Amino acid sequence: MTVRTRFAPSPTGYLHIGGVRTALFNWLLARQQGGQFILRIDDTDSERNIEAALQPILDGFRWLGIDWDEGPEVGGGHAPYFQSERLERYQSAARKLLESGHAYRDYATPQEVAEEREAAEKEKRDFVYSRRWMAETEEDCQRFEAEGRSFVVRLKMPREGTCQIDDLVRGEVRFEWSREQDHVIQRADGTCLYHLASVVDDHDFEITHVVRAVEHLSNTPRQIFIAQSLGYELPQYAHIPFVAEPGSKNKLSKRKIEQYMKNRDFKKLFDRGQAIAERVGVAVEPNSFNPVLVDFYREVGFLPDAIVNYLLLLGWSLDDKTEDFSRQQMIDLFALERVVKSAASFDPEKLLVFQQRYMNDLPVDQKVALCLPYLQRAGLVVDPADEETLTYLAAIIRAADDRVAVAGDILNFDDFFVADEALVYESKPFEKRLVKPEDAGELLAAFRESLADVDDFTTERIDAWLHQFCESKEIKIGQIIHALRVAVTGKAAGFGMFETMEILGRERTVRRIDRALEQLSQRAK
RNA sequence: GGCCCCUUCGUCUAGCGGUCUAGGACUCCGGCCUUUCACGCCGGCAACACGGGUUCGAGUCCCGUAGGGGUCACCA
């Protein structure tokens, strides 16, 4: 029997990082066993524009390299893969349950059920539906309908015995049937509810392993009841822990970013992303742009492999030291038995570490390809870029080295892409490095004059030149190099100063120093 | 509140009765390197929730307690 797993997103428009991890585990299991991974769309309830809300989710999975064998856009032998298009299947299942006595028509109004529930609560006893409006015969139905009532279909749950789940992650888990409710599976308007739909689909799609987050564990008995009543063979269940908030054990939710912002690391990650987003024209709207959602990482320039690797280790480990996994390795080595049972908090810092590692391993031309769009969208480089620009960019990226951790970080080196006349001097460093030290202007001017004599304007020669200059002036290098950096880049920090000058070239370097000196003298007036 | 799940450094985790005076990674702290920033290197702080058992021996098994979480819809 081939292994078939599934992930069933609701078309909400957003791909949640926790959902991705669940999908990843399903995907890994299927790939490892040579089986199929299926995407099914749980849209039994939503009335909104499915198309628009689904696209970002599919795009997200594709971007992450999590592909599906059956589902939207790829089809498959079990189509359709949208629950909204499978209503007849559910209704037919509901009918079967009715016929076999595992479900009944219930003519109670929602208020009547609510009253029973409240009464039970008041008396501090467990709520058990009285089944007062349960129709067992045609006569019952006619009688209730004569009263103007309509029916929903409810499960007729067993009221004794236990339900045992043999969970692949958690082992044996038992529930008392008597505590289960007579859940509604079909509404008065004939539409069906999630649990019925889910069980029917899993069966129709021949799903062998249901790998999902623990919050579904307590829903499992009713699903088992449905499946067994329908004569289905049960799938294997594996309830994995959910991804928790940074620094807490609560379930990570996209609605709580306000609160997460109080977390230092989360805030840091967000700020970094926001700075990039603002420059490339991505709307920083908390509903769509925040680190709980996959889109955030894509917009900012993360690498899919880094995210997937990080997520893999959030709730799973191979051993006590292995951290880096290629796709093939994770497929080969993944094992449900090694899934951790407790919830794991999302750690933005550690994710960044993975990102940094993966970025570092990339050849320069790939980094160029990743970074270029950011410069273009920020209006710093024309599209398409010419060969010269690409070479120039490559030199910068090489020099910047690990300072470009996410592709959008290239914008920290925007000073290389603005005209010398348009270079902006950040006020604080300008103050500290040029205005305050009284000899800064003088030294800088002298050094600038000497630059004409550097025979070869390369990193090595400039390096030697400046050291020689310092020696002749009897100053330490620190007394001039900071002023030089601010004058040439406008910033206090950056990569090697000599590399910076070589990349910029003699002419531009000199022009920038001149301009800085000009502004300095104007300030003095 | 009922039911269910979970509980090793701040975080992610290793540990499946003796090799644990508990290992690794990230963070943090100190130092080195250094023209800034980042990297890198060296070092350091830091955990078996608690209480009972079982056993010659428990982080590892059992039972309680506590804490955290999930779930209890004509939502998915």
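Small disclaimer: the values here were computed from a predicted structure and weren't measured. Residue numbering restarts at 1 for every chain, and letters A, B, ... go by the order of the sequence lines. The analysis underlying the following values was restricted to heavy atoms, covering all of them including side chains, and did not include hydrogens, waters or symmetry mates.
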With a 3.5 angstrom cut-off on both distances, give the Watson-Crick or G-U wobble partner of [N], or none if there isn't one.
N: B:U11; result: B:A25
N: B:C61; result: B:G53
N: B:C37; result: none
N: B:G70; result: B:C3

Do A:Thr489 and A:Asp415 have side-chain N/O donor and acceptor atoms under 3.5 Å apart? no
Flag for A:Asp201-A:Gln83: side-chain donor and acceptor within less than 3.5 Å: yes
Could you state the [atom1]-[atom2] distance from [X] to [N], rounded to the nearest angstrom?
X: A:Trp177; N: B:C72; atom1: CH2; atom2: P; value: 16 Å
X: A:Leu434; N: B:U36; atom1: CG; atom2: C1'; value: 14 Å
X: A:Glu123; N: B:G2; atom1: CD; atom2: P; value: 17 Å
X: A:Ile57; N: B:A76; atom1: CD1; atom2: P; value: 16 Å
X: A:Arg222; N: B:C3; atom1: CZ; atom2: P; value: 17 Å
X: A:Leu466; N: B:U36; atom1: CG; atom2: C1'; value: 14 Å
X: A:Ile165; N: B:U71; atom1: CD1; atom2: C1'; value: 12 Å
X: A:Leu196; N: B:C75; atom1: CG; atom2: P; value: 13 Å

Please give the distance between the [atom1] atoms of [N] and [M] as a whole number of Å.
N: B:C42; M: B:C56; atom1: P; value: 46 Å
N: B:U35; M: B:G30; atom1: C1'; value: 23 Å
N: B:C6; M: B:G64; atom1: P; value: 14 Å
N: B:A25; M: B:C41; atom1: P; value: 10 Å
N: B:C20; M: B:U60; atom1: C1'; value: 11 Å
N: B:A49; M: B:G31; atom1: C1'; value: 36 Å
N: B:C32; M: B:A38; atom1: P; value: 16 Å
N: B:U13; M: B:A22; atom1: C1'; value: 13 Å

By the 4.0 Å heavy-atom rule, please label [X] as base, sugar-phosphate, or nothing.
X: A:Ala120; value: nothing
X: A:Val152; value: base
X: A:Arg485; value: base
X: A:Phe242; value: sugar-phosphate
X: A:Gly478; value: nothing
X: A:Arg117; value: sugar-phosphate
X: A:Lys491; value: nothing

Kindly confirm whether the side-chain ring of A:His216 is stacked on the base of B:G70, judged by centres under 5.5 Å and planes under 30°. no
So salt bridge (charged side-chain N to carboxylate O under 4.0 Å, His left out) across residues 465-478 of chain A, not counting sequence neighbours, yields none
Hey, could you give me each pair passing salt bridge (charged side-chain N to carboxylate O under 4.0 Å, His left out) that has a residue in residues 108-119 of chain A? Not counting sequence neighbours. A:Glu112-A:Arg149
Looking at B:U35, B:A76, B:G68, which one has an atom nearest to any side-chain atom of A:Asn250? B:G68
Using the side-chain heavy atoms of A:Asp402, tell me which of these nucleotides is nearest: B:A38, B:C26, B:C3. B:A38
Which residues pass the side chain to side chain contact (heavy atoms under 4.5 Å, CB included) test with [X], not counting sequence neighbours?
X: A:Ser178; answer: A:Glu176
X: A:Arg212; answer: A:Arg6, A:Val210, A:His216, A:Thr220, A:Gln223, A:Tyr237, A:His239
X: A:Arg222; answer: A:Met157, A:Glu180, A:His183, A:His195, A:Asn219

Is A:Ser253 reaching over with its side chain to a backbone N or O of A:Arg255, donor-acceptor style, under 3.5 angstrom? yes
Centroid-centroid distance, A:Phe25 to A:Phe334, less than 6.0 Å: yes
Taken in chain and number order and not counting sequence neighbours, the residues that satisfy salt bridge (charged side-chain N to carboxylate O under 4.0 Å, His left out) with A:Arg448 are A:Asp514
Check ring-ring contact (aromatic ring centres under 6.0 Å, His included) between [X] and all other residues, then give those that pass, not counting sequence neighbours.
X: A:Tyr260; value: A:Phe266
X: A:Phe416; value: A:Phe495
X: A:Phe417; value: A:Tyr392

For A:Glu215 and A:Ser150, find the nucleotide of RNA chain B closest to each by heavy atoms; which residue's nucleotide sits nearer the 5' end? A:Glu215
In B/S/- notation (B base, S sugar-phosphate only, - none; protein heavy atoms under 4.0 Å), nucleotides 4-14 of chain B written 5' to 3' is SSSS---SBSS
Taking N or O atoms only and anything under 3.5 Å, show me the protein contacts with nucleotides 28-34 of chain B, one pair per line.
none

Would you jot down, in residue-number order, the residues of residues 180-191 of chain A having a non-hydrogen atom under 4.0 Å from RNA chain B? A:Val184, A:Arg187, A:Ala188
Does A:Tyr129 have A:Arg131 sitting over its ring (NZ/CZ under 6.0 Å from centre, angle to axis within 45°)? no
